[in-house]
Amino acid sequence: PESPNSGGDATGPVPAKPDSAVTLNILDVAGNLQLTQGMIDEFAAKNSDQIGKVTYSKATAPELVGKIKAQQNANRVDIDLVLTGVDGLAAGIEQGLWTPLLPAYKDRLSGMNGYSEGAAAMQKLAGDHGVTVTYYPSGPLIEYLPAKVPSPPKTAEELLAYAKANPGAVQYARPSNSGPGRTLLMGLPYLLGDSDPKDPISGWSKTWQYLAELNKYVTLYPSSTSETMKNLANGSAKIIASTTGWDINPRVLGTVPKEAQVGALEGFHWVTDAHYAVIPKGVPAGKQAAILNLLADMLTPQQQAKAYDKGYFYPGPAVEGVTLDMAPAESRQAIQEYGRPEYDKLIADHPLEVPLDAKALVAAFDKWDREIGGAKVKK
Amino acid sequence: MTRAALRHRLAERGIDRQLLLLAPALACVLALFVYPFAYGIGLSFQPAEGGVLGAYRTFFTDAYQRDTIATTLGLALPAAILNVAASVPIAYRMRGRFRGKRLLTTVLVVPITLGTVLTAEGLLNYLGPTGWFNRTLISVGLTDAPVRLTNNYWGVFFSLVITGFPFAFLLILSYLSGIDPTLDRAAATLGAPWWQRFRRITLPLLAPGLATTFCLTFVLAFSVFPSAVLVGDPAGETRVISIAAYHAAYEVYDYPLGSAIAVIMGLVELAVVAVVLGLRSLLYTGSTGGKG
Amino acid sequence: MTTFSELRLDGVRRRFGGKDALAGLSLTIRRGEFIALLGPSGCGKSTALNCLAGLLPLTEGSIWQDGDRLDTLPPERRGFGMVFQSYALFPHLSVRKNISFGLQMRRLPRDEVRRRTDEAIKLVRLEEHARKLPGQLSGGQQQRVAIARAVVLEPSLVLMDEPLSNLDAKLRLEMRTEIRRLHQSLGLTTVYVTHDQEEALSLADRLVVLRDGRVEQIGTPEELHNRPANRHVADFMGYRNLVPMRVKAVHGDTVALDGSGLTLEGTPVGPVAAGDEVVAGIRPEDLRAGPHGVPVTVEVVEYQGRELAVEARTEEGVALFLRAAERPAPGDRITVTAAPSRVLVFGAGTR
Amino acid sequence: MTTFSELRLDGVRRRFGGKDALAGLSLTIRRGEFIALLGPSGCGKSTALNCLAGLLPLTEGSIWQDGDRLDTLPPERRGFGMVFQSYALFPHLSVRKNISFGLQMRRLPRDEVRRRTDEAIKLVRLEEHARKLPGQLSGGQQQRVAIARAVVLEPSLVLMDEPLSNLDAKLRLEMRTEIRRLHQSLGLTTVYVTHDQEEALSLADRLVVLRDGRVEQIGTPEELHNRPANRHVADFMGYRNLVPMRVKAVHGDTVALDGSGLTLEGTPVGPVAAGDEVVAGIRPEDLRAGPHGVPVTVEVVEYQGRELAVEARTEEGVALFLRAAERPAPGDRITVTAAPSRVLVFGAGTR
Amino acid sequence: MTATLEKPAAAVETRRKRIVASPGAWLVWGAVAFFFVNLAGVIGSVVVNSFGERWFDTWLPSGWTTQWYASAWNEFGLFPILVVTLEVALLVVAISVLVGVPASYVLARRSFPGRRLVYLLFLLPILMPPITYGIPLATVLYKYGLAGHLAGVVLANLVPSIPFVILTMTPFIEQIDPAVERAARMCGARTWQVFLRILSPLLVPGILAASILVLVRTVGMFELTFLTAGPDSQTLVVALYYSMSAAGIRAQQSVDAMAVMYTASMLVLLVVALRFVNPTQLVARVKEDPD
Ligand SMILES: Nc1ncnc2c1ncn2[C@@H]1O[C@H](COP(=O)(O)OP(=O)(O)OP(=O)(O)O)[C@@H](O)[C@H]1O
Ligand SMILES: Nc1ncnc2c1ncn2[C@@H]1O[C@H](COP(=O)(O)OP(=O)(O)OP(=O)(O)O)[C@@H](O)[C@H]1O
Ligand SMILES: [Mg+2]
Ligand SMILES: [Mg+2]
């Protein structure tokens, strides 16, 4: 078998192609493989001269940095490609873990020029270190069963009033453990018109006040989004925070009844989300070459269409001009059945905002933990 | 002659080649535990700012962090006490021989295999607002609204009981079987009713075993992490110290603080263990008359 | 405490998994008596004692103390004292606390507990060791604590389960005298379990010999020693030579025997007739080297202080154990003889 | 295996934590001898045996086998056999495998292992039990396995550490004869540890009496029985009456004594002079009830088969143990007497 | 206590008396039953959910399917993971027994200067939560190129396992009569022969007991395994934990299916093991009271 370091030295120029087929070890900390594994497998199959074997492993984002760091300290990096969300990306940038890909190899990644507006904004967050591979506008949205909530709240104030009238009925998961949770957290400053939506500590006074008020009528903050989905399904929660992907995919999977509805609060901004590909420092040049070729392929519209998946990252593609009918049949069928035509209009009508950077986000989480989630015991 | 004499003298003190059998184990523990652990302690004294004790100061001056010690103790101590206390009467009932004992012990041991995730999932399903437990309570009419038993203190507490109880039970049953049953009979012939026999004979003899068991279950409970997140309320009621350590090390990437919290964790744990073992050394610690 | 004038076991039976460990023991114990239960390992001695103590429920039968039925009471309410084979001292309590345990259970006033404990400690001469834990005592001392713990309650009955079997020879002898002394001086009623016939003989007023859960014989030491009811009892009472022989003739009280290379006269136990196959039982000390006897070959000689113990073989190869005053050498041929009154003949009815 | 003509222990000392468990044992063991190490619990008997076996390193001294130094060899290379008190059979191996274990360790050819094992099994008469595990055997059978395991190697020396102390009275007697028989028939050299003086006397050619790690006396059974060197040995050899007295007068070989309420004549062991404080040692069986003796009060009477064992007290309250043919009642006053040759007088030099 | 010793043959009269006399027994058995009922509920709800199509606000799911097992199996590539898990567990058990048993032998049989210190040293890794030394341990292992492979996972798991074997085996060895070893020596056996032919067979129950516990602990050890595992050396518990907490949307049922598979494999191990080991003999090799 191949040694993990085949493909040459970590230093030196990156050739156009590896000398011989390499083994790629891919670590996914964002659940991105669900969208892209098909693209990768296809590329590997087609280019067996470049990629001999791909191994996939999964981890949670917080553990990513420690692991890469330990490997780099020991000079033995055996993770070649990391697929990560904003959190892992930023943490790695701050710790200097990633190989700078841009602008050096921008010409090899021509697909990056085709990014949609939102994706292009998200790519700025990655600086020179990562490549956006999938993108979606995310949320914040609210989700409910029409049978139980005949007239859903239309504004943030109405939501609060609803919560007041039905204690325990509104639920969102602990933001640091949940995508919809953090999207709601980051979306509120826009909804409420806070002074600086990018500064959770000093610019979010209305948001924190709103959350504290809401907190009075929230009985629990589950530790995962699936928990809130389950509660929605079994009726113990009536309105939960959601995103486009979390709306469609769980209904496909049967975790949430098909008839669940989503609603948007008046005047909301999308807080977008994306997944990035990064290469840890210390990956040999040959492997880097193969990865760059792989990424270039992944950014072609044909491959991007696979990102529609079963609505998990709806819509999913990061580049412009990828329509649903380019997607695999399975995807098309799922989205036709469970998707919502109104999303196109919502996406078109509401402004897109990039999420908080990692530092600010951690600070927001910490503040939420201390003042909202932890408030119940403090009293 | 002198070499033989030296060998004899060393042997008299208990030193000879047989001690080499200890070497592999000792080497493993030194290389794989002591060295990394010392490294971790060293790391905790090198925070980015605040001097040598900076990381510790950060921890202790922040009430939100400091309180995790109390939160953890508030979970681990009652759970360990309950596990041990509940095991004693059950083990006491089961120490004789009766049909089905083996089956019953085996079943009691099953929860050891469950693993955190299944326990957490099961608790969420079973004790959740529309889980079987609440459904039963409501249909029996004991309560109108579902009782909230998950995503709070109780969820974590139950998961600690489910994983800790079988372990405590096994150990205690084993210790209890080591006590010579004729002692109990001797006390009976001296006119002691069963609870006097239990209180004055069995319990004191069991005490050292109880202390050991308590320490082991306490340690298990004190380092609770996944279930504190999964079935607990990780921002509030069940923000245990390992969450703080995890947060520091993996979310803020403040390794010195993470190490410092880990060290504090170890120290608190050792303090509790030391208190318990100290109390134990006040008690009788000799043979319990078990028949070999 | 309560006393009684007699304690009656009435067909006491205890079964373990379909097998009788004790099959119908009936016995009346009079106040002040010293009864020994004697028998080989596994014969049901401990079972009998535990039934009496209430530690084992009966399968059948009943136990009566004068007019009161006792077998339905739990052990702690029978008021008996028990000395266990392994002493069963409470290892975490000092000697003094071990002894006072029972008194405290009776909720006697402090002063009286102290006084009676002191007395008991003095009785067994452990004043210097009162504060030690049992683990710090020698076997003999532990033994005495166990006895003191049992007798301090002045129980109506003391039960002892092989209390001397863990001691060495010299101590065993001393403790034996001690137990007998305590029994006499405190006026106790004692039931004593042992498998050592010498111990039973020397201590008891009456002996109960058990075998396979059944009573083989009940009688005074003299009766058992001189007239064992059958060959099993005889075997147990030191009749080491049990030789299969045939009755040649019956002459009044004695019978003439031969077989196994021997010719002897003996006293029958139970009816025998000429021609019967019988077993002759003779103690080694009754079989003496002397002129006019049966010729045997010496095999092993052991010195035993005053006497020599000899193992010899008859011409038919049957081993005989005897005593000699002078030392024969292995291989010597000597003649042996026994007084007819000392040769017991067990017929088929007394096997 | 190797044999030797003599085995010499030369000032063998073993210390445990600053305390001598064995303080300078010197002894020469001749081939074919049966030596018994005798002494109270804790006197160092097992220590001596373990030193000889090589299981305990010596603190000082040396052990020689003819001309070869032995004490530096590990136990497995000394070629001795050992029988342990608790037998120490391998619980997971069958009787046969237990016995053949040592032969396999020597890497003997299969055939020979089988042959010698069969022989040994036959020797101890366990043919029927060869396939059983030790846990399925009775105490006496286990004992025999232990012996077979030790002797199957035809060791130059067999060591036995209280091999009979776990057996019951009857079995003990039988096994004793068995051991003596094996010793004689296999021509073994044996060192045997016991605390039972009767056992030692009956088995050994020579006895070594230890006390507190020191040798008190070495001699033949007769020598020890009749002429113990001091009162401790006497105590151990069955002189249960050790009475402090004073020498009134010396007449040639005998001395006149009084004290403790007694007046007696005795035979001195070592030099004594009139006026000396001495201890008179008398066996219970030498102190007989009879006319013309010293008056004593009977306290306890025990039946012992042929005789009665009596504990009595002199007028000065000293306890005496004696034998009587007829049964006196407790409280009776009788007179006792002893032959002067049977009363040993230990002066200050022989304490 | 005697209530449990009761034999069926015991007289009806005494039996009735004892049952009435011990409300404590009823209380205890009641508590045990309550524990079991709830435990069954906890386990049952996961098992039922893992076979359920969809399960909303009802007593039972609306349909049954095994698709979640298939999807969990495929998504996580469970087969290689199971193989790795088994390899890791067996290696850890084998090495910790090989290293731990001789050490516990010395600790049980010998007294030497510093014995208590050594004992304490072996106690510490069990008393310390793995998080406290896991990170530096991973760093060290990566430094020497051991982490990221099976070797690293095995080494990391040895840290709590060796002490665990030592702690469980020491009392066990103490209870074997040392005379048996001496007897073997007197029969001419060398040290290794004593170990191989006499001690090992006698220690089998203890070794099995310790092995099972180590096995269960290793299979269930998340922290250390995660920190040192490479792409090809993940174990089941790591995969399970990801399925639960890694980003992405997964059907709850599929996570439950993973958990059930995990528990089922542990249960098989445990039940097989319990056939050989009496669970009451963990700390002491006791003979049960014959009556
Ligand atoms: N391993 C040891 N450590 C400390 N002291 C010991 C040890 N072994 C024996 N001793 C001490 O040495 C002395 C002699 O012990 P040894 O076992 O030889 O006595 P013994 O004559 O065999 O007694 P017993 O008849 O009780 O077996 C005793 O005082 C004992 O306490
Ligand atoms: N709990 C029990 N279960 C099954 N059989 C038992 C039990 N207790 C005793 N027995 C059996 O009952 C019989 C009598 O046992 P018991 O203990 O009374 O004998 P013992 O005369 O005291 O013997 P030893 O002299 O060996 O103590 C034996 O065959 C024994 O195996
Ligand atoms: Mg018995
Ligand atoms: Mg000894």
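Convention: sequence-line order gives letters A, B, ...; per-chain numbering from 1. Values below: all heavy atoms of this structure, side chains included; hydrogens, waters and symmetry mates excluded.
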When heavy-atom pairs shorter than 4.5 Å are enumerated against chain B, which of [options] gives the highest number?
{"options": "E:L158, E:L155, E:V255", "answer": "E:L155"}
{"options": "E:V159, E:V219, E:L98, E:V216", "answer": "E:V159"}
{"options": "E:S45, E:A156, E:S96, E:S104", "answer": "E:S45"}
{"options": "E:G220, E:P160, E:P125, E:P163", "answer": "E:P125"}

Quick one, [X] and [Y] - any side-chain contact, counting heavy atoms below 4.5 Å?
{"X": "B:V219", "Y": "E:I126", "result": "no"}
{"X": "E:L124", "Y": "B:V29", "result": "no"}
{"X": "E:D256", "Y": "B:N125", "result": "yes"}
{"X": "B:I41", "Y": "E:Y133", "result": "no"}
{"X": "B:S139", "Y": "E:W59", "result": "yes"}
{"X": "E:Y105", "Y": "B:L21", "result": "yes"}
{"X": "E:L141", "Y": "B:L32", "result": "yes"}
{"X": "E:L121", "Y": "B:L30", "result": "yes"}

Provide the closest heavy-atom pair for [X] versus [Y] in the form atom of the first, atom of the second, distance.
{"X": "B:T119", "Y": "E:V42", "result": "O-CG1, 4.2 Å"}
{"X": "E:V48", "Y": "B:W132", "result": "CG2-CH2, 3.8 Å"}
{"X": "B:E121", "Y": "E:V46", "result": "C-CG2, 3.8 Å"}
{"X": "B:Y126", "Y": "E:V37", "result": "OH-O, 4.4 Å"}

Counting only heavy atoms closer than 4.5 Å, note whether [X] contacts chain B via side chain, backbone, both or neither.
{"X": "E:L39", "result": "side chain"}
{"X": "E:V260", "result": "both"}
{"X": "E:V118", "result": "side chain"}
{"X": "E:L137", "result": "both"}

Highest number of heavy-atom pairs under 4.5 Å with chain E: which of [options]?
{"options": "B:W195, B:F33, B:Y39", "value": "B:F33"}
{"options": "B:Y246, B:F218, B:F158, B:F165", "value": "B:F165"}
{"options": "B:A25, B:S223, B:P24", "value": "B:A25"}
{"options": "B:L230, B:L127, B:L216, B:V161", "value": "B:L230"}
{"options": "B:L43, B:L123, B:L270", "value": "B:L270"}

CZ-CG distance between E:R115 and B:L22, expressed to the nearest 0.5 angstrom: 10.0 Å
Contact class of B:V229 relative to chain E, heavy atoms under 4.5 angstrom: neither
